[in-house]
Amino acid sequence: MEIINRRQRMSSVSRKVRRELDKTIGLVPTMGALHEGHLSLVREARRMCDVVIVSVFVNPKQFAPHEDFSRYPRDLTKDTMALSDYNVDYIFAPPAEEIYPKGFSTYVEVERLSEQLEGAARPGHFRGVATVLTVLFNIVRADFAYFGQKDAQQTLVVKRLVRDLAFDTEIVILPTVREDSGLALSSRNAYLEPEDKRAAAVIYRALSHAEAAYSEGERNGKKIADMIRADIEAEPRAEIEYVSVNDADTLERLDRLDDRSVLIAVAARFGKTRLIDNIILNKTSKTGQLVMP
Ligand code: PAF
């Protein structure tokens, strides 16, 4: 496993892999602080591709000034150790100036899909995500890139980015990995006090309750959202930011659930830590967004 810091080296290595060796490349873009959720993406990349590249870059452009960029967990040694068990070929861990050279002034904006939910709560976030992924996709030119369903809106934004700008990289989305309590794995769980971590499991309990109501025939979007709110509000340590019921492909807000796939997304704070989670109902509809290779 080689750790690459320079964009030029990364480009030339991947060019060689593709052209001379005629091998497929799987890219797993991350911001480090790797957990089992990331490792599930790495495993799938390893299964599908000849060469696996994991990028580790805490992208300053997707954090608003008041957010946690400076305290975001960073430990490349630990991440490297975690990846050494997975037969990863390259870690691409560039310093910021390799991704954003001096005078950087080109940004990518995925309109509409970026504007609600996380986009409304974190203005500029998806512009930062789309921009860094455009740079990474151009450097690596992977055949496949892997993302987790936990960041549901990000998966939609990335798929639209790749389609609209005609990247030759196929996006693979894999299910959210959870603790036994149901809490979705996230690098930000490291911030949680033990009591908040216990309390945060309420999010998935609430989402599962909604899923059960949907299975029993509930099709009123507002009722489902209210049910989730009530469940989460019963936990005194939780502070809800949003509960939203949307079309899983377009993010159109749904009052009445029909035969489309439905994304139920939640953002809530526990102490100072902001967590997001979601479930998709009716995944079998023709447009359901989980891509299981
Ligand atoms: O999901 C993340 O960790 C980041 O948003 C990503 C995709 C690596 C872009 O910085």
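Counting starts at 1 for both ligands and their atoms, in listed order. Nothing fancy with the numbering, it's 1 onward along the sequence.
Contacts with ligand 1 closer than 4.0 Å are made by backbone heavy atoms (N, CA, C, O) of T30 only, the side chain lying farther away.
Ranking the protein heavy atoms by distance from atom 3 (O) of ligand 1 puts M31 CG, 3.6 Å first. When only non-hydrogen protein atoms are considered, atom 2 (C) of ligand 1 lies nearest to Q154 NE2, 3.9 Å.
Close contacts between ligand 1 and Q62 involve ligand atoms 4 (C), 5 (O), 9 (C), 10 (O) [criterion: under 4.0 Å to a heavy atom]. Near V132, meaning under 4.0 Å from any of its heavy atoms, are these atoms of ligand 1: 9 (C), 10 (O).
A donor-acceptor pair under 3.5 Å links the side-chain atoms of R46 to the main chain of N87, judged by distance alone. Using modelled atom types, no side-chain atom of D151 and backbone atom of Q154 make a donor-acceptor pair closer than 3.5 Å.
For R71 and Y191, the positive end sits near the middle of the six-membered ring, less than 6.0 Å away and at most 45° from its axis. Within the cation-pi definition used here (under 6.0 Å to the ring centroid, within 45° of the axis), R237 does not qualify as a partner of F270.
The shortest distance between side-chain heavy atoms of R7 and V135 falls below 4.5 Å.
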